[in-house]
Amino acid sequence: MSLSGKKIGVAITGSFCTYEKVFEELQKLTEEGAFVQTIFSDAAKSIDSRFGKAEDFIKKAEKITGNPPIMTISDAEPIGPGSLLDILVILPCTGNTIAKLANGITDTPVLMAAKAHLRNNKPLLISVSTNDALGMNMKNIGLLLNAKNIYFIPFGQDNPHKKPNSMIAHTNLLLPSLKAALEGRQYQPVIC
């Protein structure tokens, strides 16, 4: 399947340690010919970290995609009524975002984008990045694994000796996972 001409939303949350890989994947999507619209969570658009400044990440997203990011709940809401995307990927998806998504909370631009997009029965792809995937957040991941139109980039433990509950998506599998989700199937294996 070609991604040329596909309208892909990339929702970015506050797992700052993954941003280098996130922006590599953004570049790949644009090179595939996709129209890419980024959406920044409140944390992603405002928190400077040891991994870089929020303002620099916003500028980088716009430079790669050619589109200004969506950064407010009100700007994310039209994604649903306008059926603006073919697929939305939350890349990265923090444990906080996973928990809120699993429980129907829409208090950030990313969560509003997900809610608005899912109302159209279109695929939502999740790129897990959380230190408590095998702890308190496992129940939320389980709920989302069983939800209609929600798919996952394969993920696994990233540092089992120092962070035994932590799991992270294999972002290098974004493209095949995205293509599978567009066909209505989960790329396998999910946990690796």
Side-chain angles (χ1 to χ4, degrees), residues 1-41 43-45 57-58 60-62 64-67 69-71 76 79-80 83-98 100-102 106 108-130 133 140-141 144-145 147-156 167-188 190:
M1 167 188 286
S2 170
L3 295 179
S4 181
K6 293 289 184 191
K7 297 175 287 184
I8 301 172
V10 176
I12 300 171
T13 67
S15 182
F16 307 109
C17 62
T18 66
Y19 280 16
E20 184 176 339
K21 291 180 182 178
V22 166
F23 285 99
E24 287 173 12
E25 296 305 316
L26 269 183
Q27 187 67 46
K28 288 179 189 175
L29 289 174
T30 60
E31 289 169 2
E32 289 270 327
F35 169 86
V36 180
Q37 175 63 63
T38 56
I39 301 113
F40 276 67
S41 73
K45 75 180 181 188
F57 291 125
I58 292 165
K60 188 171 186 175
E62 185 168 357
I64 291 170
T65 66
N67 300 306
I70 291 172
M71 295 194 292
I79 287 171
S83 194
L84 301 180
L85 303 172
D86 295 311
I87 188 168
L88 174 63
V89 56
I90 304 178
L91 174 76
C93 191
T94 62
N96 187 51
T97 299
I98 289 167
K100 289 179 177 185
L101 183 62
T106 55
T108 72
V110 167
L111 290 160
M112 177 54 77
K115 174 188 173 185
H117 177 71
L118 283 169
R119 76 180 247 181
N120 295 317
N121 288 316
K122 292 183 179 180
L124 172 66
L125 182 63
I126 295 174
S127 180
V128 171
S129 181
T130 176
N140 298 314
I141 292 169
L144 295 177
L145 282 166
K148 182 180 177 185
N149 296 319
I150 296 180
Y151 305 91
F152 284 78
I153 296 172
F155 57 99
M167 295 185 93
I168 193 163
H170 301 289
T171 54
N172 60 309
L173 296 175
L174 171 65
L175 292 180
S177 300
L178 198 141
K179 291 175 183 180
L182 283 165
E183 293 174 350
R185 55 187 182 82
Q186 172 62 55
Y187 188 77
Q188 296 291 338
V190 177

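Please read these numbers as outputs of a predicted model, since none were measured by experiment.
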**Message:** So for atom NZ, which belongs to Lys7, do other residues, nucleotides or ligands contribute more than 12 heavy atoms lying within a distance under 6.0 Å?
**Reply:** yes

**Item:** Distance (rounded to the nearest 0.5 Å) between Glu183 CD and Tyr151 OH
**Value:** 10.5 Å

**Message:** Counting C-beta onward and ignoring hydrogens, is there a side-chain heavy-atom pair between Ile168 and Thr130 closer than 4.5 Å?
**Reply:** no

**Message:** Apply side-chain contact (heavy atoms from CB on, under 4.5 Å) to residues Leu145 and Val190 and explain how you reach the verdict.
**Reply:** CA-CA 10 Å; Leu145 282 166; Val190 177; 4.2 Å; yes

**Asked** Between Thr97 and Thr13, which heavy-atom pair has the shortest distance, and what is it?
**Response** OG1-CG2, 3.5 Å

**Request:** For Asn67 and Gln37, indicate whether the former's side chain and the latter's backbone hold a donor-acceptor pair under 3.5 Å.
**Result:** no

**Exercise: identify the closest heavy-atom pair between Ser2 and Ser4** = OG-N, 3.1 Å

**Prompt:** Given side chains that start at C-beta, do those of Ile39 and Ile12 come closer than 4.5 Å, heavy atoms only?
**Reply:** no

**Request:** May I ask you to check whether Phe57 and Tyr19 place their ring centers less than 6.0 Å from one another?
**Result:** yes

**Message:** Taking the side chain as everything from C-beta on, heavy atoms only, tell me whether Leu124 gets closer than 4.5 Å to Asn149.
**Reply:** no

**Prompt:** Does the side chain of Leu29 come within less than 4.5 Å of Val10's, by heavy atoms?
**Reply:** yes

**Asked** If we only count heavy atoms from C-beta on, is the Pro154 to Tyr187 side-chain gap below 4.5 Å?
**Response** yes

**Prompt:** Any side-chain heavy atom of Glu32 sitting closer than 4.5 Å to one from Leu175?
**Reply:** yes

**Prompt:** Who passes salt bridge (charged side-chain N to carboxylate O under 4.0 Å, His left out) against Arg119, sequence neighbours left out?
**Reply:** none

**Request:** Show your working on side-chain contact (heavy atoms from CB on, under 4.5 Å) between Lys148 and Asn121 and close with a plain yes or no.
**Result:** CA-CA 8 Å; Lys148 182 180 177 185; Asn121 288 316; 3.8 Å; yes

**Pairing residues for Lys28 by the salt bridge (charged side-chain N to carboxylate O under 4.0 Å, His left out) criterion, not counting sequence neighbours** = Glu25

**Request:** Take atom CD of Glu62 as the centre, draw a 6.0 Å sphere, and report whether it contains more than 12 heavy atoms from other residues, nucleotides or ligands.
**Result:** yes

**Prompt:** What closest approach, in Å, do Ser127 and Thr171 show between heavy atoms, and which atom pair accounts for it?
**Reply:** OG-CG2, 3.8 Å

**Request:** Could you pull out the closest heavy-atom pair between Ile90 and Ala114, with the gap in Å?
**Result:** CD1-CB, 4.4 Å

**Prompt:** When you measure from the side chain of Thr65 to the backbone N and O of Ala61, does any donor-acceptor pair fall under 3.5 Å?
**Reply:** yes

**Message:** Within a 6.0 Å radius of atom NZ on Lys21, are there more than 12 heavy atoms belonging to other residues, nucleotides or ligands?
**Reply:** no

**Prompt:** Atom CG of Asn140 and atom CD1 of Ile98: how far apart are they, to the nearest 0.5 Å?
**Reply:** 8.0 Å

**Request:** Given side-chain contact (heavy atoms from CB on, under 4.5 Å), test Gln186 with Phe152 step by step and report yes or no.
**Result:** CA-CA 7 Å; Gln186 172 62 55; Phe152 284 78; 4.0 Å; yes

**Prompt:** If you take all heavy atoms of Ala181 and Ile87, which pair is closest and at what distance?
**Reply:** CB-CD1, 3.7 Å

**Request:** Give, for atom CG of Leu144 and atom CD1 of Ile150, the distance between the pair rounded to the nearest 0.5 Å.
**Result:** 5.0 Å

**Prompt:** Do Ser15 and Ser129 get their side chains close enough for a donor-acceptor pair, meaning under 3.5 Å?
**Reply:** yes

**Message:** For the NZ atom of Lys179 and the CG atom of Leu125, what is their distance to the nearest 0.5 Å?
**Reply:** 13.0 Å

**Request:** Report the distance from atom CZ of Phe155 to atom CD1 of Ile126, rounding to the nearest 0.5 Å.
**Result:** 9.0 Å

**Asked** How about Met112 and His117: do any of their side-chain heavy atoms sit closer than 4.5 Å?
**Response** no

**Donor + acceptor pair across side chains of Lys100, Thr106 (<3.5 Å)** = no

**Item:** Set of residues satisfying salt bridge (charged side-chain N to carboxylate O under 4.0 Å, His left out) with respect to Glu31, sequence neighbours excluded
**Value:** none

**Request:** Could you walk me through whether Leu174 and Val89 pass the side-chain contact (heavy atoms from CB on, under 4.5 Å) test, one step at a time?
**Result:** CA-CA 9 Å; Leu174 171 65; Val89 56; 4.0 Å; yes

**Message:** I need the minimum non-hydrogen distance between Pro92 and Thr18, along with the two atoms involved.
**Reply:** CG-OG1, 3.2 Å

**Request:** Could you tell me the separation between the CD1 atom of Ile8 and the CG atom of Leu85, rounded to the nearest 0.5 Å?
**Result:** 9.0 Å

**Prompt:** Are Leu88 and Lys122 close enough that some pair of their side-chain heavy atoms sits under 4.5 Å apart?
**Reply:** no

